[in-house]
Every structure is written in C-alpha cells, then in structure tokens.
Amino acid sequence: MKELALPSASQRRWQDMELGMFCHFGMNTFTGKEWGEGTEPASCFNPTAFDADQWARIAKRAGFSYLILTAKHHDGFCLWPTATTDYSVRSSPWRGGQGDVVGETARACEAYGIGFGVYLSPWDRHEPCYSEQEAYDHFYAEQLTELLTGYGPLVEVWFDGAGSEGRTYDWKRMMSLVERYQPDAMRFNMGIPTIRWVGNEDGIAPYPCWNTAESARVSLFTKNMLTWLPETPRWVPAECDVPIREQSWFWRPNEEEKLLSHERLIEIYYGSVGRGCNLLLNLAPDARGLIPEADAGAAIRMMDDIRNRFEAPLETIAGGGDAMTMTFARATRVDHVVLMEDIAYGERIRSYALEAETADGGWMELLRGSAVGHKKIDRFEPVETSALRLRILKREAEPHIRLFSAYCTARDDLNPRI
Ligand code: FUL
C-alpha cells in the first residue's frame, strides 16, 4: 500500500470547524484605504462604539466556528498595546490609549464559545527596521510572541504573503514560536504551514482540491508558487478567504452595494466547504467598531439557508468498502448528496460515481467525482428513487466513509434554488 499523507489531530479539528469569520479592522477602517502606507497618524484610529461582543455574537448567531482578526495589517498599526512599537492603539485616542482590540475580541470569542485566531502581516510599511532583515525578524518575532502568549488559545495564525513577494524571513524561528506557545494553532501558508491558501480571493476552490500539496500561491500579486520549508507536512488543507463586499477587505462608507448577493454567497459555500475546504468569510467592522447590519444580515441569511438545506438528511449511512447502498422505505425525491471520508485514514478516494436505482431495478449514473476528503457536496436535478449507490472507481486504499447523506432541498420552505 502506498504511504498516504495523514492529518494531525489539530488539522482534523480545524477541518471540522469548516467556517470562519475574518475581521479586517484597523487604520484603514478610518482612512478609506485598502492598503495604508503606514504614515497615517495613530490619532486616526478612534472607533466611537467599539464592541467586540457584537462581532462574536454575530459570528455565533450566523454559525461560524472561529474568528480571525487583523492584529496588524500591512500599514503596521497594531491593534494591541505592543511593547515593540508606538504605532498602536496605545497612541490612539480610543479609550484614552488604554484599549486592546485583540484582547477584547479574544475574550468575546471565548464568551461565545468560538475559536480565535490572528492575522499578523509580515510586510510592514511603517516599521523603520523593515529594510534590515535581521532586525525586522527580531521585531516580528517579538510581536508574534506577544500575540501567541497574551490572548489564550489560538486556532490559527494567518501569515499573509502579500507585499512579501521575494522577501525572506526567518520562518524557522517564527514557526518554532507557534509550535512552542500554540502547538494546536494552524499556520497559514508560510514557513512550515499546516494549512494553505486556496490561491484566489473568490471563496471558490478549484475541484479537485486535494488535501496534499507541496506548494501554494503566495499572493495575488505573483503567479509564483511558494515552496515551503521541507519540514512541512504533506497534508496541508486549503482555506478559501473572501470578503463579503466585493474586493473590499476593509470597511468604507457607502459601499453597501458591494455586498455579495445571497445567490453568490450560497455558491461560495458550495465552492469552498462543498469542496472540502474551510471558508473564511470577511465581515469588516465599520468606523464605529461595529459590523454593519447589512453585512451581518447577509451572512446570517446565507448560513440560515445552508442550515435549512443540510440540517435534516433523508438518510445517512457510514462504513467502508468500494460500494455503499442507501435504501429508502419508498421512492424518495433527492437532489443533494454529502460525502465525507474519515480523513484520519488519509484521502483514499480518487474517483467515484453516484447512482440512483431506477423503477425497473437497474442503476442510473447521476454524476462522477474525484476528491472527497473532508467533505464533498454534490447537487443534481431532483430524482425520485428508492436507493442511492456510491461506487468507488479508483482509490489508494480501502475507503472509510464517515458520512454519506442524502437530501432534498427543493422544498417550498427554502429560498429559490440556484
Ligand atoms: C491580501 C491582503 O493584501 C489584503 O489586504 C487582505 O488582507 C487579504 C486577506 O490578503 O493578501
């Protein structure tokens, strides 16, 4: 048997979380920029009604399992009172310089029972020592240590490649800090990552999107793939990040029309979670420090619709082998199937066919697929059938099916199908 890559226990836990909420908040929220230059005065940062509790409440209500906050974006402004630079909340008028956005967000997530993670941009347009590699590595390691040690358990540390194309950092050192202080946290896409970037900001994974990889794209601004340090595990599942307002990671006034449509958000779910990846959907808090109602409403509508579709399977089975048959008590209308491999055994399925029993007792092929991995959602024109059969056409070793569920979502109580 060929040796298969296997996930770690913390990778499996992370893959089971499936849905994360990204919060881009910082200096840009007050200047209308997408990428601040790092020259904006700290006095610009002054949310009038900051409430991290509202962010976590919305995340929980919608159904996200974790929240990731931009502790520092490319402009270098730090949302926590770091000892490494004056360019932080400490120098801002907000809460008289006594506030800590990272701390309040971590506590709110804990209170609502959702995971918390941080984004710490390696590229820093403010910090004067950025141009000296060794000095900056030290500075960045200090910032990372503060975040890793001061805010409870983290589910993920987001190392953004943007702006760092061609730049070298002491990733070994950064990785050993994460390993030391937050061994269960996922490391995103740089150094010795445990999860990778899907390669676009559309929230849609290519299919198949295998869990194994040796390289990934580093940013939107280079076609080059990044090859990681050799210690990288071969199992590096993908995360799909996308802003809920078209191409806007930070909030800007009067841009509600950029909100993605309900149909598009549903497509994003099918294209990310439905292809075995995690989805990280960005909802940007505004200059009050609150997530706008329209954005929260769109995310909640999306996730309610998803729950409606998938909370009540017609039937669910599990098991092993190269064929599995699900029978219904009577002819039943079906339009979705959800498959999950038990990835603790690796990604064993390479291709499969899904069939429906015909009235004369024969089998009709509905579709074929390749990767299943953590999850695969298939939708098809409704069929009336009394049995479904999953046939594994090609596999690395005997498949372990964690779940094979059938659904009929074309019901009157659901939003129009797309
Ligand atoms: C990109 C950044 O340049 C964007 O501003 C944003 O943070 C996105 C998530 O990653 O690479």
Side-chain angles (χ1 to χ4, degrees), residues 1-19 65 194-195 205 207-213 233-238 270 272-278 309-358 361-380 383 385-409:
M1 183 170 111
K2 193 169 145 197
E3 210 190 301
L4 278 176
L6 299 178
S8 67
S10 36
Q11 284 176 317
R12 280 193 277 135
R13 273 196 297 277
W14 180 84
Q15 290 192 262
D16 271 339
M17 292 202 288
E18 293 187 351
L19 293 157
S65 313
T194 49
I195 56 172
Y207 183 74
C209 187
W210 303 105
N211 283 292
T212 47
R234 278 194 300 136
W235 187 278
V236 264
Y270 280 101
S272 55
V273 176
R275 292 178 175 171
C277 303
N278 277 29
R309 289 171 194 235
F310 297 114
E311 75 192 346
L314 299 164
E315 187 59 80
T316 295
I317 57 173
D322 286 322
M324 284 177 80
T325 305
M326 171 189 289
T327 48
F328 303 112
R330 63 190 71 81
T332 301
R333 199 161 187 234
V334 187
D335 61 9
H336 278 71
V337 158
V338 177
L339 299 173
M340 291 173 90
E341 276 188 79
D342 186 343
I343 54 172
Y345 297 94
E347 198 162 34
R348 296 184 165 198
I349 299 173
R350 295 292 152 192
S351 75
Y352 66 91
L354 184 71
E355 301 167 335
E357 194 175 35
T358 53
W363 292 96
M364 171 182 84
E365 186 167 301
L366 296 175
L367 58 94
R368 281 185 181 215
S370 51
V372 175
H374 170 69
K375 186 171 269 189
K376 174 72 195 307
I377 303 180
D378 282 311
R379 49 186 163 163
F380 42 87
V383 283
T385 185
S386 45
L388 288 175
R389 184 163 75 179
L390 172 69
R391 275 201 311 122
I392 308 304
L393 305 175
K394 205 165 156 245
R395 40 53 151 213
E396 297 294 338
E398 180 166 335
H400 288 260
I401 309 288
R402 177 176 167 188
L403 175 145
F404 169 14
S405 293
Y407 299 83
C408 183
T409 67

With rounding to the nearest 0.5 angstrom, report the [atom1] to [atom2] distance, [X] to [Y].
X: Cys408; Y: Asp335; atom1: SG; atom2: CG; answer: 4.5 Å
X: Leu6; Y: Arg12; atom1: CG; atom2: CZ; answer: 9.0 Å
X: Ile343; Y: Leu4; atom1: CD1; atom2: CG; answer: 12.5 Å
X: Arg275; Y: Ile377; atom1: CZ; atom2: CD1; answer: 10.5 Å
X: Arg333; Y: Thr409; atom1: CZ; atom2: OG1; answer: 9.5 Å
X: Ile195; Y: Gln15; atom1: CD1; atom2: CD; answer: 9.5 Å

Taking only residues two or more places apart in sequence or in another chain, which ones pass salt bridge (charged side-chain N to carboxylate O under 4.0 Å, His left out) with Arg13?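 Arg13 satisfies salt bridge (charged side-chain N to carboxylate O under 4.0 Å, His left out) with Asp184 once adjacent residues are dropped.
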Is the closest side-chain heavy-atom distance between [X] and [Y] below 4.5 Å?
X: Lys376; Y: Tyr352; answer: yes
X: Glu355; Y: Met364; answer: no
X: Ile401; Y: Ile349; answer: yes
X: Leu388; Y: Leu366; answer: yes

Can you name the closest pair of heavy atoms from [X] and [Y] and give their distance?
X: Asn211; Y: Pro237; answer: OD1-CB, 3.3 Å
X: Pro7; Y: Trp235; answer: CB-NE1, 3.3 Å
X: Met17; Y: Ser65; answer: O-OG, 2.8 Å
X: Thr212; Y: Ala5; answer: CG2-CB, 3.5 Å
X: Glu315; Y: Thr327; answer: OE1-O, 4.0 Å

Run the ring-ring contact (aromatic ring centres under 6.0 Å, His included) test against [X] and tell me which residues pass, sequence neighbours left out.
X: Phe310; value: His336, Tyr407
X: Tyr345; value: His400
X: Phe404; value: none

Residue pairs involving residues 337-347 (criterion salt bridge (Lys or Arg N to Asp or Glu O under 4.0 Å); sequence neighbours excluded):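 For residues 337-347, and leaving out neighbouring residues, there are no salt bridge (Lys or Arg N to Asp or Glu O under 4.0 Å) pairs at all.
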What residues, two or more places apart in sequence or in another chain, satisfy side chain to side chain contact (heavy atoms under 4.5 Å, CB included) together with Ala213?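 Arg196, Trp228, Val236.
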Those residues that, when tested against [X], pass side chain to side chain donor-acceptor pair (under 3.5 Å) (two or more places apart):
X: Glu365; value: Arg368
X: Arg350; value: Glu396
X: Glu357; value: Ser386
X: Thr358; value: Asp360

For residues 316-326, which side-chain N or O atoms pair as donor and acceptor with protein atoms under 3.5 Å away, sequence neighbours left out?
{"unit_1": "Thr316", "atom_1": "OG1", "unit_2": "Ser405", "atom_2": "OG", "d": "2.8"}
{"unit_1": "Asp322", "atom_1": "OD1", "unit_2": "Arg395", "atom_2": "NE", "d": "2.9"}
{"unit_1": "Asp322", "atom_1": "OD2", "unit_2": "Arg395", "atom_2": "NE", "d": "3.4"}
{"unit_1": "Asp322", "atom_1": "OD2", "unit_2": "Arg395", "atom_2": "NH2", "d": "3.0"}

Is the side chain of Asn278 donor-acceptor paired with the backbone N or O of Trp14 at a distance under 3.5 Å, no angle test?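 Yes, because the side chain of Asn278 sits within donor-acceptor range (under 3.5 Å) of the backbone of Trp14.
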Can you tell me if Asp378 uses its side chain to pair, donor with acceptor, with the backbone of Val337 under 3.5 Å?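 The answer is no, because no donor-acceptor pair under 3.5 Å joins these two groups.
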